[in-house]
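A short worksheet on the structure shown next.
All of these numbers come straight from a predicted model, not from anything done at the bench. Proteins get letters first, then strands, A, B, ... in listed order; numbering begins at 1 in each.
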Amino acid sequence: MMLLHANGPISLEHTLGSGQAFRWRRDAGLRESGPHGDWRRDGDWWLGVVEGTVYRVRQEGPQAIAFTCGPLDEQAAAPLLTSYLRLDDDLPALYRRLRGDRRLGAAMRQYEGLRLVRQAPWECLVTFVISAYSNIPRIARHVEDLAQTFGDTLEFAGETHHRFPSPAQLAETGEPWFREHGFGYRARYLSRLSVLVMPLGDLTALRRAPFQEARSVLLALPGVGEKVADCVLAFSLDQGEAFPVDVHVRRAVQVWYGEGEERSDRWVREWAHERFGPDAAYAQQYLFHYQRQRGR
DNA sequence: AACCAGGTCCGAT
DNA sequence: ATCGGACATGGT
């Protein structure tokens, strides 16, 4: 087990549970205890697969986490997990910049430690094409189905897990397979996506590209509209200007900033770009989570 | 049992 | 440029 410290607060609950990434699940780490065969929780762990590594992560105070992993050793994995959870992001500075905003101020207090994640772009792209007009539990089910069916196996702590499949591993999958597995009308997009992405090479190169340029590349792909493109830009390509506008965020902005007037997605997006600039992606995730949790 | 879900695409104004 | 409907499926 290894400890990692964050630059400011980190909350696994809010980071992994706010609908950015879909391969994390709460893992109580059940361990047998007592003479009556009852089970007890061994802390509140999260279990997830990132690239080729399986992680078990738990909160270790407001600014630190502990983790184990495999098959990669912890020393080698530490910088990878640090990057994935963006533990180096200066959250206190972000809060200082945005705390003048009343709604964001409230959201940041309530969900302190919520960080954007830095996902693998290909997995993020497929995930959010799947996400279109769906819901979070179902999205997670589809992503897991793809991993188990087409991804390489990974052994960790006596259990078998799966990597998310590469474009090449998905390229042979035709529309009928996706239909049969409940992907609905997204089947047509997904069956074409791999083939079109392969010649683009490593999508992480888009992290160095200007925002609009990276966005154009994504928008040319099947099943990728403005919302999905902005999710990929925000959650995998370090593009802080991205502001994904879904039904929740549009409502939130209409009510909180738009005097309740009907606003188009374009209006909301441009308003956010003007107001938040390079902090737009973070602002969006706080507003999204705030709005979505509000009704529960 | 309707209604909605982290939308996109396409054809018609 | 913008608008409206079609598109599959499952959760609440």
- Message: Please classify the nucleic acid contact of A/Thr127 as base, sugar-phosphate, or nothing, using heavy-atom distances under 4.0 Å.
- Response: nothing

- Query: How far does the P atom of C/dA8 sit from the matching atom of B/dG11, given to the nearest Å?
  - Reply: 15 Å

- In whole angstroms, the gap separating C1' of C/dA1 from CH2 of A/Trp267 amounts to 19 Å

Let me check something: any side-chain donor-acceptor pairs from residues 214-234 of chain A under 3.5 Å, sequence neighbours excluded? List them with distances.
residue, atom, partner, partner atom, Å
A/Arg215, NE, A/Asp230, OD1, 2.8
A/Arg215, NH1, A/Glu226, OE1, 3.1
A/Arg215, NH2, A/Glu226, OE1, 2.8
A/Arg215, NH2, A/Asp230, OD2, 3.1
A/Ser216, OG, A/Gln212, O, 2.8
A/Glu226, OE1, A/Arg269, NH2, 3.3

- Determine, for nucleotides 8-13 of chain B in 5'-to-3' order, which nucleotides have protein heavy atoms under 4.0 Å from the base (write B), from only the sugar-phosphate (write S), or from neither (write -). BS----

- Message: Under the rule for side chain to side chain contact (heavy atoms under 4.5 Å, CB included), what residues qualify as partners of A/Glu180, not counting sequence neighbours?
- Response: A/Pro176

- Sequence neighbours excluded, the answer for ring-ring contact (aromatic ring centres under 6.0 Å, His included) partners of A/His142 is A/Phe183

- Starting from P on B/dG7, measure out to OH on A/Tyr185 and report it in whole angstrom. 8 Å

- Message: Heavy atoms only, 4.0 Å cut-off, all strands: where does A/Phe178 land among base, sugar-phosphate and nothing?
- Response: nothing

- Message: Measuring centre to centre across the rings, with the benzene-like ring taken for any Trp, is A/Phe276 within less than 6.0 Å of A/Trp271?
- Response: yes

- Message: Without decimals, in angstroms, what is the distance between A/Glu262 CD and C/dG4 P?
- Response: 11 Å

- Note on the structure: Residues passing the side chain to side chain contact (heavy atoms under 4.5 Å, CB included) test with A/Ser11, sequence neighbours excluded, are A/Glu13, A/His14

- Message: Students often get this wrong, so: under 4.0 angstrom with heavy atoms, is A/Arg251 touching a base, only sugar-phosphate, or nothing?
- Response: sugar-phosphate

Close N/O contacts between protein and nucleotides 9-12 of chain C (under 3.5 Å):
residue, atom, partner, partner atom, Å
C/dT9, O4', A/Arg138, NH2, 3.3
C/dT9, O2, A/Arg138, NH1, 2.8

- Item | Non-neighbouring partners of A/His181 that pass ring-ring contact (aromatic ring centres under 6.0 Å, His included), sequence neighbours left out | A/Trp177

- Message: With salt bridge (charged side-chain N to carboxylate O under 4.0 Å, His left out) as the criterion, how do A/Asp27 and A/Arg56 come out once you've worked through the C-alpha distance, each side chain's angles and the decisive distance to 0.1 Å?
- Response: CA-CA 8 Å; A/Asp27 182 48; A/Arg56 289 183 76 224; 3.2 Å; yes

- Item | Donor-acceptor pair, side chain of A/Arg103 and main chain of A/Trp256, under 3.5 angstrom | no

- Item | For A/Asp152, side chain to side chain contact (heavy atoms under 4.5 Å, CB included) partners two or more places apart | A/Arg163, A/Gln169

What pairs of donor and acceptor atoms, side-chain ones from residues 127-135 of chain A against any protein atom, are under 3.5 angstrom apart with sequence neighbours left out?
residue, atom, partner, partner atom, Å
A/Thr127, OG1, A/Glu123, O, 2.7
A/Ser131, OG, A/Phe128, O, 2.7
A/Asn135, OD1, A/Arg138, N, 3.2

- Note on the structure: Taken in chain and number order and not counting sequence neighbours, the residues that satisfy ring-ring contact (aromatic ring centres under 6.0 Å, His included) with A/Phe288 are A/His248

- Atom-to-atom span, CZ of A/Phe128 to P of B/dG7 - whole angstrom: 10 Å

- Is there a residue in residues 241-249 of chain A whose heavy atoms reach under 4.0 Å of DNA chain B, and which residues are they? A/Pro244, A/Asp246, A/Val247, A/His248, A/Val249

- Taking the P atom of each, how far is B/dC3 from C/dG5, in whole Å? 15 Å

- Item | Those residues that, when tested against A/Ala157, pass side chain to side chain contact (heavy atoms under 4.5 Å, CB included) (two or more places apart) | none

- So what does A/Ile136 touch, heavy atoms closer than 4.0 Å: a base, only the sugar-phosphate, or nothing? sugar-phosphate

- Message: Tell me the interatomic distance from A/Asp265, atom CG, to C/dC3, atom P, rounded to whole angstroms.
- Response: 11 Å

- Query: Whole-Å distance between B/dG7 C1' and A/Arg269 CZ?
  - Reply: 12 Å

- Nearest-Å distance for atom pair NE2/P, residues A/His181 and C/dA8: 17 Å

